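Letters go in sequence order (proteins before strands), and every chain restarts at 1. Just so you know, these numbers use all the heavy atoms, side chains as well, and skip hydrogens, waters and symmetry mates. What you see is a predicted model; the values in this text were computed from it and never measured.
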There are 2 protein chains.
Amino acid sequence: MPEPTQTKASPNMADTDIAIVRIAPETSFKNKAYEALKEAILKMDIYATPEPVMLDERALSERLGVSRTPIREAIAMLEQDGFVKTVPRRGIVVVRRTKAEIVDMIRAWAALESMAARLITTTARKKDISALRDFFKDFGDDRLPQDHIEEYSKANIAFHQALISLSESPVLVDLTNDLLLHVRGYRQLTIGRKDRTATSLPEHLGIIEALEARDTELAEKRARDHTLGLAAYVEAHGQELFT
Amino acid sequence: MPEPTQTKASPNMADTDIAIVRIAPETSFKNKAYEALKEAILKMDIYATPEPVMLDERALSERLGVSRTPIREAIAMLEQDGFVKTVPRRGIVVVRRTKAEIVDMIRAWAALESMAARLITTTARKKDISALRDFFKDFGDDRLPQDHIEEYSKANIAFHQALISLSESPVLVDLTNDLLLHVRGYRQLTIGRKDRTATSLPEHLGIIEALEARDTELAEKRARDHTLGLAAYVEAHGQELFT
DNA sequence: CTTAGATTTTTGGCATGCCAAATACCAGAA
DNA sequence: TTCTGGTATTTGGCATGCCAAAAATCTAAG
């Protein structure tokens, strides 16, 4: 039986072949809980308090208005992501990354982004590459990034995500997004620092130029060195975040 | 209350401060199920049959002798890994990767491995680098890899994993291991192909030499190009796997 | 007041059962 | 025979309740 999953449709139905895919499966409580918890974890400043942040299944199920079952499934998913760790009979703790781990993640990010840069030089359209400049159109000699750090930081992240998207590589996009979620907590405190912001914008423009020039090796190198620079910066100046 | 989670220990206990962490929490059914299912999925040849492979919660719980609850949690974890996908009221399907996805994963792998090569040139010990040759000590002009494909394929994977481990970067190790698990199904059918095996060993030796020479850029390039070569090979010759 | 020991409470792990959606199956009409 | 409508079954989603381990609390001896 060649097509066991497809019931034979009536003739006038098969010919029209209307493009209906499937009705919205309206996400389950499990997925809703996963999204809600993930957002909550990312929003909280895990590194503010010295005590580990704990989660309670029953409290969460009450807060979200569902039973513990979907909560537990969501927790299992978050544990796979590395956001929480459940200690048997002890509790669920929100994972805190060490400086070394953050630096390590940024290095992996650099690797993935430099590969994205490679791919872009061979496949992306000129128009799309040039559009990357738009993220920084609000900044210039008359409006320095270091004077609008919060705003520039947002543009910065958006630029990097758009850059990687241009590679049209789902794997690179997904992996870097995951890494970014873990690094973001620190990123708020480091990427926007004035001393680094000053060099950031020219480096970004340099990456774009190399991409436009279809210079694969140079684009890769600039993308890599730029992000490795961030890693080195965090490694050198991120100490105060881990007191 | 500064330390609410820590009971005040008796003096003679606190002074010794013995390095006992915690007795083995003997993995839960959830984790056992996760490992068992993961191994089962990796072991089966998903690409052999044209019909999608389905899993059944109840059948699995019966097979493993536990209730559905830990099974469902394990399934949720596997879904995060991208090994299965549960379709709301339809079933749990083992995910089949397209050729494009596999190629994409191999490219990401190339990115991560080339970064590992970079790091190794600056941190690894000479002794450990040279030890990488041992994986291929059973092969040479008198015993060609293409004549012992199965054996060489194993050595090949072991070499790559050992290489990345030398970077001492947990993130790179974990990410590449995850990617390898997804690619492995294809790898059995492609990495061992004679036409590619012939060039594989010299390339590996070339990587090792660059690492020993502490030539960061060259090591990175050789590691990247080697794995990108595999990606290009799969893209060009892997068609028969997706009939 | 300190501390060892018993007791209560908390917390995650897990089994069980019901529900609704989707499917498979079946009988009757054309 | 073929198609249609309805029914039984399958399947994942979820709520509930009990259990044991660990922690917190209480109690009484010193």
For B:E73 and B:R68, take the nucleotide of DNA chain C holding the closest heavy atom to each; which residue's nucleotide lies nearer the 5' end? B:E73
Is there a side-chain contact (heavy atoms from CB on, under 4.5 Å) between B:E235 and B:R107 once you walk through the steps? CA-CA 11 Å; B:E235 187 163 41; B:R107 284 207 198 96; 3.9 Å; yes
Presence of donor-acceptor pair under 3.5 Å, side chain of B:R90 and base of D:dG12: no
Assess whether one donor atom and one acceptor atom, taken from the side chain of A:R72 and the base of C:dG12, lie less than 3.5 Å apart. no
Geometric class of the B:F135/B:F159 ring pair [parallel <30°, tilted 30-60°, perpendicular >60°]: perpendicular
If you look at every strand shown and take non-hydrogen atoms under 4.0 Å, does B:L55 touch a base, only sugar-phosphate, or nothing? sugar-phosphate
What's the closest nucleotide to the side chain of B:R58 if the choices are D:dA20, C:dC18, C:dA15? C:dC18
Could you tell me how far apart A:R89 (CZ) and D:dC18 (P) are, to the nearest whole angstrom? 17 Å
Audit row: B:M115, B:E220, side-chain contact (heavy atoms from CB on, under 4.5 Å) steps and yes/no: CA-CA 7 Å; B:M115 177 59 73; B:E220 176 195 66; 5.5 Å; no
Whole angstrom value for the distance that separates P of D:dT9 from CG of B:D56: 17 Å
Rounded to whole Å, please give me the gap between CG in B:L64 and P in C:dA15. 11 Å
Just N and O in the side chain of A:T69: are any of them under 4.0 Å from OP1 or OP2 of D:dC14? no
Give the rounded distance in Å between these two atoms: CZ of B:F29 and P of D:dA21. 13 Å
Between CD1 of A:I71 and P of D:dG13 the distance, given in whole Å, is 15 Å
B:E57 has its side chain closest, among D:dC14, C:dC14, D:dG12, to D:dG12
Determine whether the side chains of A:Y34 and B:Q80 contain a donor N or O and an acceptor N or O closer than 3.5 Å. yes
Below 30° counts as parallel, above 60° as perpendicular, anything between as tilted: where do the rings of A:H160 and A:H226 land? parallel
Using whole Å, report how far CD1 of B:I75 lies from P of D:dC14. 15 Å
Whole-Å distance between C:dG13 P and B:Y34 OH? 16 Å
Could you tell me how far apart A:E62 (CD) and D:dA15 (C1') are, to the nearest whole angstrom? 14 Å
